[in-house]
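Worksheet for the structure shown next.
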Amino acid sequence: MDVGGRAGVVGDNPTSAVTQFTHAIWRRYQHFLDKSTPLVLYRWIFLSVITLIYALRVYVVQGYYIITYGLGIYVLQLLIAFLSPNVDPEIQDIREGPNLPTRGSDEFRPFVRRLPEFKFWHSLTKAFCFAFVLTFFSAFDVPVFWPILLFYWLVLFISTMKRQILHMVKYKYVPFTFGKQRYSGKKAASTDDTSTARP
């Protein structure tokens, strides 16, 4: 048994090798996330493909509806956080940080989400991948009458979205932007106006 001076060598410790390996994997994963941040369209196409693969898996297996229901509840929770402002004007007493204008004379402030788009996409992607992995374990295939789960999820979705839309109308905010608003300068007088004018 070698108890000598080799005890301090890092390469011999299996836990440090595992730690280094997991750290290297995590760095590559984080690098991939950093590179994908500006590629919004490609990220959402990737998520659509993952969603389609998950839906095909559930359809082919004809099971795992309870996992799909849990996934649906989680997606709904993420969607509400994505559509909500970071600072809720209903409970904000102290006017600190960015808030939503409630009157026409208020200064414009940009909409700041509670859950940013990238984190929304990342959480959805992780959730669908996790649910996909769970479909390979028969312990999670609980027999259930899926139309009841679907009906209950739809009722929950409609009531939650109704409440969110009423909140948007009450506090006059829209959680979507469609590009930068462009203003044009003064329009030049048209040729019809100059031809009808008398010298």
Side-chain angles (χ1 to χ4, degrees), residues 18 21-91 100 111-171 173-178:
V18 170
F21 179 73
T22 55
H23 183 65
I25 295 289
W26 179 254
R27 274 198 337 247
R28 286 188 183 198
Y29 177 70
Q30 191 61 46
H31 178 72
F32 168 74
L33 288 179
D34 292 343
K35 287 284 196 179
S36 69
T37 301
L39 307 172
V40 178
L41 179 64
Y42 295 118
R43 284 190 285 117
W44 286 98
I45 289 173
F46 177 71
L47 177 62
S48 300
V49 169
I50 290 176
T51 304
L52 181 66
I53 290 171
Y54 175 77
L56 286 173
R57 169 77 178 152
V58 170
Y59 177 75
V60 168
V61 176
Q62 292 292 313
Y64 299 99
Y65 300 120
I66 205 78
I67 291 175
T68 305
Y69 176 72
L71 179 64
I73 296 294
Y74 182 67
V75 167
L76 181 62
Q77 182 255 337
L78 288 176
L79 181 64
I80 293 302
F82 178 70
L83 296 176
S84 299
N86 191 19
V87 178
D88 192 356
E90 200 166 45
I91 59 172
L100 299 172
F111 182 78
V112 180
R113 300 178 189 283
R114 186 181 313 158
L115 181 66
E117 181 270 336
F118 181 79
K119 288 184 180 180
F120 179 55
W121 169 83
H122 190 232
S123 298
L124 284 175
T125 305
K126 288 190 300 185
F128 274 99
C129 290
F130 183 69
F132 181 74
V133 169
L134 288 181
T135 61
F136 290 98
F137 298 99
S138 60
F140 297 108
D141 191 10
V142 179
V144 65
F145 188 59
W146 66 267
I148 291 176
L149 290 178
L150 179 63
F151 176 74
Y152 183 67
W153 185 84
L154 286 174
V155 167
L156 192 64
F157 176 78
I158 290 169
S159 65
T160 306
M161 290 309 293
K162 179 182 174 187
R163 187 186 66 203
Q164 186 68 28
I165 290 171
L166 289 175
H167 191 269
M168 288 180 199
V169 169
K170 181 178 179 183
Y171 292 101
Y173 67 91
V174 178
F176 301 107
T177 55
F178 301 104

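Here the structure is a predicted model, which means the values were calculated and not measured.
By the 6.0 Å contact criterion, CH2 on Trp146 is open, its count of non-hydrogen atoms from other residues, nucleotides or ligands being 12 or less. Residue Phe118 qualifies as enclosed at atom CZ: its count of foreign heavy atoms under 6.0 Å is above 12.
The CD1 atom of Ile148 sits 11.5 Å away from atom OH of Tyr69, with the distance rounded to the nearest 0.5 Å. Taking CE from Met168 and OG from Ser84, the interatomic distance works out to 7.0 Å, rounded to the nearest 0.5 Å. Here the CD1 atom belonging to Ile73 is positioned 8.0 Å from the OG1 atom belonging to Thr160, to the nearest 0.5 angstrom. Taken to the nearest 0.5 Å, the CG atom of Asp141 stands 11.5 Å off from the CG atom of Leu134. Between atom CG of residue Leu154 and atom CG of residue Leu149 there is a gap of 11.0 Å, rounded to the nearest 0.5 Å. Note that OG1 of Thr51 and CG of Leu124 are 7.5 Å apart. Values are rounded to the nearest 0.5 Å.
Relative orientation of the Phe120 and Phe82 rings is parallel, given thresholds of 30° and 60° on the angle between their planes. Ring geometry for Phe140 versus Phe137: interplanar angle over 60°, hence perpendicular rather than tilted (30 to 60°).
For the pair Tyr29 and Leu33, the minimum side-chain heavy-atom distance is below 4.5 Å. Side chains of Leu71 and Phe130 form no contact here, defined as non-hydrogen atoms less than 4.5 Å apart.
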Do Trp121 and Leu47 pass the side-chain contact (heavy atoms from CB on, under 4.5 Å) test, and can you show the C-alpha distance, the side-chain angles, and the key distance before you say yes or no?
-> CA-CA 8 Å; Trp121 169 83; Leu47 177 62; 3.7 Å; yes
Given Met161 and Ile80, is the side-chain contact (heavy atoms from CB on, under 4.5 Å) satisfied, shown in steps?
-> CA-CA 8 Å; Met161 290 309 293; Ile80 293 302; 3.9 Å; yes
Working for side-chain contact (heavy atoms from CB on, under 4.5 Å), residues Phe157 and Leu79 | CA-CA 10 Å; Phe157 176 78; Leu79 181 64; 4.0 Å; yes
Begin from the C-alpha positions of Thr22 and Trp26 and carry the test side-chain contact (heavy atoms from CB on, under 4.5 Å) through to its verdict.
-> CA-CA 6 Å; Thr22 55; Trp26 179 254; over 6 Å; no
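Considering all non-hydrogen atoms of both residues, Thr135 and Ile67 come closest at N-CD1, 4.4 Å. Ile50 and Cys129 make their closest contact through CD1-SG, 4.0 Å (heavy atoms, listed as atom of the first residue, atom of the second, distance).
For Thr68, the side chain to side chain donor-acceptor pair (under 3.5 Å) partners at least two apart in sequence or on another chain are Tyr54. Under the side chain to side chain donor-acceptor pair (under 3.5 Å) criterion, Trp44 pairs with Glu117, sequence neighbours left out.
Judged as a side chain to side chain donor-acceptor pair (under 3.5 Å), the pairs with a partner in residues 31-41 (not counting sequence neighbours) are, in order, Gln30-Asp34.
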